[in-house]
Each structure stands twice: as structure tokens, then as C-alpha cells.
Amino acid sequence: MKWEREDFLGDAVTTAQKLIGAVIVRRSPEGVTAGRIVECEAYGETYKGHKDDGAHVFKGLTPRTRIIFGEGGHAYVYLIYGMYTCLNFVCGHAGESGSVLIRALEPLEGLDLMKKRRNQTKEKLLTSGPGRLTQAMGIDMTFYGMDLTGDTLYVESREDGPWPIEVTKRKNIDYATYGKDFPWRFLLKGNPYISK
DNA sequence: AGGAGGATCTACT
DNA sequence: GTAGATCCTCCTA
């Protein structure tokens, strides 16, 4: 089942859990690539009375975060460390500010194309990290704001679950006072493609 | 106008 | 295990 608009309109934490085991499909002129989501993180919600100070939206609406405050089902893509892009799914209704960072995929389709894009032949290293998977899927800053219910980049839930989910703290947000301890990182338990 | 810092990855030792 | 790449975004002045 392809995800429709409505599937993205819940809160980010619930949506992140629903996304584990789902499949991201990316269609391009070069071919189709697809991967199962085995790791993702929720951002921007409130937890036990604390706002998420680990989220980009914590400081409010800026040109960069504008899309996150819009309607769910769009892509929030940003550049990190000057070299890599990260892919997020915007959640919730317009005015809300939840999003889900896609951190790792298990490659399913278009492995040869992924290897070419990554200049990398080891399958373990194709999509096991947020910067790696965007490169393997051919996702760059031009995907900022893209509608995820179109034909270029979309999500499918297949009848092959349910998947065992593991929950941990989020990675690499030590600067956050409260947010660093929120249990909002979701993993497909035991999957070898989870990032380090 | 300037500067600090980042939801990362690779290549080396 | 550690350093270096590399540049956008946002805050300060």
C-alpha cells in the first residue's frame, strides 16, 4: 500500500514507528532504487513537558525549516557538514512541526545503481547512514519540499510485517539539553544495515 | 559582514 | 581512533 497524504498527518513519533519496515521507492531516469527503512528518528514533538531542543524547528520558523511547518507528506532535505544531505519526512498538519529523519535503509532494489552513485561495492555501506542513503537514492537539495505522494519519491507499506522494533536515544545531538535523552530513535531490531 | 557550528562520512594510522 | 573535508544557516554586531 502506497502512503497517502493522510498517513503523514499524525505526530512524528507515531509516524516514525509506522515507518520502520516500510519501503522508500525512488524513481529516476537512470532506474528505480528502493530500500526498507530500518532506522529513523522523530523530531520536533514535545516529550514529558519539554520541547525538543534537538530539533531544527526548536528556534522557530526560518527559511530552512519553513517546509516542516507546512502540511505532512513533504520532504525536508538539508545539507550537513557541507558535504552530505539528510532526508526527513514532514509530519502533521500545517502549523505543526514534527518530522522524521531517515537514518538507514536495507537496500532492496536497484543495487547496481546505488553502487554506481556511491562509488562503492560493499552492500553494507550503501545505505547504512543518513548521508549514505541519500547518495545511494540520488536525493539532493533539489528534493527540498518534494511531495511524497507523487511518483518520484514515495513510501510503501507491504504485507510483510510486523517488524520487531527497538527504541533508543537519538544520535549525535549531544548539544540538546533535554532532547538528547528522548527515546525517539527506532530500529528494525537486529537488521545489519543500522548505522553505527 | 563575520564567524561558529553542524541530525556525517571517509581515509588514514 | 582521530582528523579532515566543506558550506549552508543562523546569530551577532
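Numbers restart at 1 for each chain; the letters A, B, ... are given by sequence-line order, proteins then strands. Side chains are part of it too, since the values below use all heavy atoms of this structure and drop only hydrogens, waters and symmetry mates. Remember, predicted model here, so these are calculated numbers, not experimental data.
- Here B:dC9 is the nucleotide among B:dA7, B:dC9, C:dC10 with the atom lying nearest to any side-chain atom of A:Tyr84.
- Between B:dT8 and A:Arg103, a contact under 4.0 Å exists linking OP1 or OP2 to a side-chain N or O.
- In this structure, A:Ile67 places its CD1 atom 14 Å from P of C:dT9, rounding to the nearest Å.
- In this structure, OH of A:Tyr78 is placed 15 Å from C1' of C:dC10, rounded to the nearest angstrom.
- The distance from atom CG of A:Asp140 to atom C1' of C:dC8 is 15 Å, rounded to the nearest whole Å.
- In this structure, A:Leu79 reaches the sugar-phosphate backbone alone: every heavy-atom distance under 4.0 Å involves primed, P, OP1 or OP2 atoms, never a base.
- Taking a cutoff of 4.0 Å between a charged side-chain nitrogen and a carboxylate oxygen, A:Asp147 and A:Arg5 qualify as a salt bridge.
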Would you tabulate the pairs of protein nitrogen or oxygen atoms and nucleotide nitrogen or oxygen atoms of nucleotides 11-13 of chain C closer than 3.5 angstrom?
none

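- A salt bridge is absent between A:Asp174 and A:Lys169: the closest approach of a Lys/Arg side-chain nitrogen to an acidic carboxylate oxygen does not fall below 4.0 angstrom.
- Remark: C1' of C:dT9 and CZ of A:Arg66 are 14 Å apart, rounded to the nearest angstrom.
- Close to B:dA7, at under 4.0 Å from its OP1 or OP2, lies no side-chain N or O of A:Asn88.
- Put simply, CD1 on A:Ile194 is 21 Å from P on B:dA7, counting in whole angstrom units.
- To the nearest 0.5 Å, atoms OH (A:Tyr76) and CZ (A:Arg64) are separated by 4.0 Å.
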**Q.** Structure string for DNA chain B in dot-bracket form, Watson-Crick and G-U at under 3.5 Å, | interchain
**A.** ||||||.|||||.

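- Ring geometry for A:Phe182 against A:Tyr47 counts as tilted: the plane angle lies between 30° and 60°, on a 0 to 90° scale.
- A:Thr33 is listed as a side-chain neighbour of A:Arg117, based on a closest heavy-atom distance under 4.5 Å.
- Contact record, A:Ile80 with A:Cys86: CG2-SG, 3.8 Å, taken as the closest heavy-atom pair.
- Among all heavy-atom pairs drawn from A:Arg66 and A:Tyr144, the shortest one is NH2-CE2, 3.3 Å.
- Relative to the side chain of A:Arg64, the nucleotides C:dT9, C:dT6, B:dA7 differ in distance, and C:dT9 lies closest.
- Near DNA chain C, meaning a heavy atom under 4.0 Å from it, residues 107-132 of chain A has no residue at all.
- Salt bridge status for A:Arg185 with A:Glu166: absent, with no side-chain N to carboxylate O gap under 4.0 Å.
- Per the geometry, CG belonging to A:Asp53 stands 13 Å off P belonging to B:dG6, to the nearest Å.
- In summary, the side chains of A:Arg118 and A:Gln135 do present a donor paired with an acceptor at a separation below 3.5 Å, with no hydrogens or angles considered.
- Both thresholds, 5.5 Å between centres and 30° between ring planes, are not jointly met by A:Tyr175 relative to the base of B:dG6, so the two rings are not stacked.
- Taking the charged nitrogens against the carboxylate oxygens, A:Asp52 and A:Arg170 do have a contact shorter than 4.0 Å, which makes a salt bridge.
- Going from atom CG of A:Leu101 over to atom C1' of B:dG6 covers 13 Å, rounded to whole Å.
- Residue A:His56 contributes atom NE2, which lies 9 Å from atom P of B:dT8 at whole-angstrom precision.
- Here A:Leu125 contributes atom CG and A:Ser195 contributes atom OG; the two are 12.0 Å apart, rounded to the nearest 0.5 Å.
- No donor-acceptor distance shorter than 3.5 angstrom exists from the side chain of A:Glu39 to the backbone of A:Ile194, with no hydrogens or angles considered.
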